[in-house]
Structure formats: structure tokens, C-alpha cells
A.B. asks: 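For reference, the structure I am asking about is given below.
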Amino acid sequence: MAANFIDRFDDKNVNIPREIIIALNDYIETIPEEYSILELGNNIGLLSSEIKKRMQDSFTLTVTELSTEMID
């Protein structure tokens with residue numbers, strides 16, 4: 001899915017987390033019941049929070065963030 005969004009990162013008028021969640025909603029039915037998501041550069045957790053709301057209990061979400069400011 002990342003290839004669908006790579007050209008939008010420089011566009012200040014595009015809400016990437018929102019667009020990813022909308023696209024993810026289209027694929028939820030095709031995702032296996034047990035799967036994992038690795039999010040690199042979690043920032044303040046907006047995207048992972050939205051993903052967690054929509055996914056089954058059996059999925060695993062692992063997030064990383066290097067910035068102590070974002071973690072705080």
C-alpha cells in the first residue's frame with residue numbers, strides 16, 4: 001500500500017494517516033484473522049490508534065519511535 005502514498009508526502013494538503021485508514025478499511029475483509037503490523041516512525045500514534053480501533057483482537061501491532069519528544 002505504501003506505493004499508493006509515496007508521491008503525496010510532500011503535499012501539505014494531504015492527510016496521509018486519514019487516507020491510509022480509508023484505504024485500509026477497503027482491505028479489512030481480505031486480511032487474515034491473525035496477522036502483524038509493524039509501524040516504523042509512529043510519531044504521536046494517530047495512525048496506529050486508528051488501525052487498532054478497526055482491527056480484530058487477534059492481530060499484533062508493533063510500533064517504534066526514536067524521538068523522545070514524540071514518545072512523551
Side-chain angles (χ1 to χ4, degrees):
M1 282 181 46
N4 296 330
F5 298 97
I6 197 71
D7 62 333
R8 299 178 185 176
F9 282 103
D10 290 331
D11 188 340
K12 303 289 186 218
N13 298 317
V14 176
N15 183 336
I16 297 288
R18 181 179 181 275
E19 289 198 20
I20 290 173
I21 293 302
I22 290 170
L24 185 60
N25 279 334
D26 293 338
Y27 292 100
I28 285 177
E29 297 297 322
T30 64
I31 297 174
E33 287 188 24
E34 292 186 23
Y35 60 96
S36 300
I37 295 174
L38 172 60
E39 182 181 354
L40 302 173
N42 186 38
N43 203 315
I44 59 171
L46 294 176
L47 181 58
S48 55
S49 175
E50 290 301 316
I51 290 171
K52 188 173 170 104
K53 288 180 193 176
R54 291 164 171 77
M55 296 294 125
Q56 303 93 330
D57 291 336
S58 57
F59 89 102
T60 302
L61 174 63
T62 304
V63 297
T64 63
E65 178 56 57
L66 293 176
S67 169
T68 55
E69 291 177 18
M70 293 297 123
I71 293 170
D72 290 343

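No experiment lies behind these values; they were computed from the predicted model shown. Because only heavy atoms are used, hydrogens play no part in the values below, and waters and symmetry mates are left out as well, while side chains stay in.
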A.B. asks: Once you round to the nearest 0.5 Å, how far does CD of E39 lie from OG1 of T64?
C.D. replies: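 OG1 of T64 is found 7.5 Å from CD of E39.
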
A.B. asks: With rounding to the nearest 0.5 Å, note down the distance linking NZ in K52 to CG in D57.
C.D. replies: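 Nearest 0.5 Å value for the NZ-CG distance: 8.5 Å.
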
A.B. asks: Other hydrophobic cluster members with L38, side-chain heavy atoms of Ile/Leu/Val/Met/Phe/Trp/Tyr under 4.5 Å, chained?
C.D. replies: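 ILVMFWY cluster around L38 also holds L40.
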
